[in-house]
Amino acid sequence: MMKRIAIFMIAMVCVCVFITGCGKDQESKQAVKVHDYYKISDDGEEDIAALFYLGTEKKEIKKTAEELLNTYNIPLEKALDIEYEEVKTDNGREWYLIVPKYEGTTIQVHSVRLNDQGGLEKDKELTTTDKPVILCCNESDIVPSAQVMVTFKDRKAVFNPSISLKDGKVTENEGVFTK
């Protein structure tokens with residue numbers, strides 16, 4: 001009798017797995033939910049986050065923040081309710097806003113430094129979060145002081161937030177919306 005019950009239970013588990021599916025196919029069929037506060041109509045499925053330069057001075061940062069709220073039609077009250085992480089690198093001057101597009105996205109920020117060969121290497125982890133990040137970094141225009149890695153499922157975007165010396169705009173990064 002116990003053997004029949006065990007066989008029945010195994011058969012039921014197999015039927016449930018067959019009906020509902022499992023593994024990666026199941027995950028890919030689930031609807032991907034965009035965060036309520038992600039109001040950018042970039043229509044780029046490849047983008048998993050947005051990066052905005054806020055400025056260096058308090059007055060400039062406030063003005064840019066107000067412009068972003070107006071541009072993306074986000075009421076101030078709603079913006080104040082959004083939880084976020086604030087991260088600063090040593091001697092940072094430039095302020096950026098990094099917004100994850102999808103629920104389940106993680107943002108990891110490391111400070112970086114120049115190594116003996118003149119390349120950048122990670123120094124220390126500053127945060128790992130699923131919330132938007134307000135990041136203060138970059139003491140100079142030449143060498144970045146932070147590396148950001150945004151991960152959503154099997155997609156990853158790794159970049160050093162910076163302003164292009166060519167046109168004064170946020171440096172474009174694959175997988176990241178910039179205005």
Side-chain angles (χ1 to χ4, degrees), residues 24 26-113 120-139 144-163 169-179:
K24 231 176 186 175
Q26 171 71 13
E27 186 176 304
S28 65
K29 291 178 185 174
Q30 291 176 346
V32 176
K33 183 151 173 41
V34 175
H35 279 292
D36 292 340
Y37 51 73
Y38 194 92
K39 301 291 185 185
I40 301 159
S41 58
D42 60 356
D43 296 328
E45 284 190 29
E46 67 279 350
D47 291 338
I48 58 176
L51 173 67
F52 300 99
Y53 174 68
L54 299 175
T56 56
E57 304 292 323
K58 208 174 213 177
K59 192 174 182 180
E60 178 186 18
I61 294 166
K62 182 180 178 192
K63 180 180 179 229
T64 304
E66 288 171 354
E67 287 172 0
L68 285 172
L69 292 176
N70 289 332
T71 299
Y72 297 107
N73 201 23
I74 301 172
L76 181 59
E77 308 79 53
K78 183 171 181 156
L80 295 174
D81 287 340
I82 298 171
E83 292 183 39
Y84 64 91
E85 297 280 332
E86 185 175 311
V87 180
K88 295 179 183 178
T89 62
D90 295 337
N91 302 316
R93 296 182 331 104
E94 300 173 348
W95 288 88
Y96 294 89
L97 172 61
I98 306 157
V99 182
K101 182 174 183 177
Y102 301 108
E103 290 184 6
T105 301
T106 58
I107 298 174
Q108 188 175 49
V109 181
H110 282 88
S111 60
V112 292
R113 62 182 175 86
L120 290 175
E121 64 182 34
K122 290 182 192 175
D123 189 24
K124 59 186 172 188
E125 183 178 324
L126 301 174
T127 193
T128 298
T129 184
D130 60 351
K131 300 173 186 161
V133 173
I134 295 177
L135 172 63
C136 182
C137 60
N138 301 343
E139 180 178 8
S145 64
Q147 181 184 67
V148 177
M149 181 170 66
V150 181
T151 307
F152 176 69
K153 294 185 180 183
D154 62 344
R155 294 188 273 176
K156 190 181 290 188
V158 179
F159 57 94
N160 306 93
S162 61
I163 299 298
K169 296 181 180 177
V170 175
T171 306
E172 291 185 14
N173 303 285
E174 192 171 324
V176 179
F177 173 84
T178 57
K179 74 171 194 173

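Just so you know, residue 1 is the first one in the sequence shown, and it goes up from there.
- Checked by atom type and distance alone, the side chain of N138 never pairs as donor or acceptor with a backbone atom of G92 at under 3.5 Å.
- Looking at V112 and D123, their side chains never come closer than 4.5 Å, going by heavy atoms from C-beta outward.
- Taking 4.5 Å as the limit, every side-chain heavy atom of E94 sits out of range of all side-chain heavy atoms of P161.
- Between the OG1 atom of T129 and the CD1 atom of I98 there is a distance of 11.0 Å, given to the nearest 0.5 Å.
- Residues V148 and Y96 fail the side-chain proximity criterion, which asks for heavy atoms closer than 4.5 Å.
- To the nearest 0.5 Å, atoms SG (C137) and CG (L126) are separated by 10.0 Å.
- Taken to the nearest 0.5 Å, the CD1 atom of I134 stands 6.0 Å off from the CG atom of L97.
- Remark: N173 CG to D47 CG distance equals 10.5 Å, nearest 0.5 Å.
- In terms of the ring pair (Phe, Tyr, Trp, His ring centres under 6.0 Å) criterion, residue partners of F152 (sequence neighbours excluded) are, by chain and number, Y102.
- T64 is not listed as a side-chain neighbour of F52, based on a closest heavy-atom distance of 4.5 Å or more.
- Between P144 and L120 the shortest heavy-atom distance is CG-CD1, 3.5 Å.
- With rounding to the nearest 0.5 angstrom, the CZ atom of R155 is 11.5 Å from the CD atom of E174.
- Across every non-hydrogen atom of P100 and Y38, the tightest pair is O-CD1, 3.6 Å.
- Pairing each heavy atom of P132 with each of I82, the nearest pair is CG-CG2, 4.1 Å.
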**Request:** Could you check T178 against Y53 for side chain to side chain contact (heavy atoms under 4.5 Å, CB included), going step by step and ending with a plain yes or no?
**Result:** CA-CA 9 Å; T178 57; Y53 174 68; over 6 Å; no
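- Pairing each heavy atom of A146 with each of N160, the nearest pair is O-ND2, 2.9 Å.
- Between D90 and S111 the shortest side-chain heavy-atom distance does not fall below 4.5 Å.
- Q147 CD to K122 NZ: the interatomic distance, rounded to the nearest 0.5 Å, is 5.0 Å.
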**Request:** Carefully, step by step, assess L68 and L54 under the rule side chain to side chain contact (heavy atoms under 4.5 Å, CB included).
**Result:** CA-CA 9 Å; L68 285 172; L54 299 175; 3.8 Å; yes
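- In this structure E86 satisfies the salt bridge (Lys or Arg N to Asp or Glu O under 4.0 Å) test together with K88, sequence neighbours excluded.
- Looking at heavy atoms from C-beta onward, S145 lies out of side-chain contact with N91 at the 4.5 angstrom threshold.
- Not a single salt bridge (Lys or Arg N to Asp or Glu O under 4.0 Å) links R93 to another residue, sequence neighbours left out.
- Here the closest non-hydrogen pair linking V150 and I48 is O-CD1, 3.4 Å.
- H110 is linked by a ring pair (Phe, Tyr, Trp, His ring centres under 6.0 Å) to nothing, counting only residues two or more places apart in sequence or in another chain.
- Among residues at least two apart or in separate chains, salt bridge (Lys or Arg N to Asp or Glu O under 4.0 Å) pairs with a member in residues 72-85 are E83-K131, E85-K131.
- Counting only residues at least two apart or on different chains, the salt bridge (Lys or Arg N to Asp or Glu O under 4.0 Å) pairs with a member in residues 48-63 are K63-E67.
- I163 approaches T171 most closely through the heavy-atom pair C-OG1, 3.8 Å.
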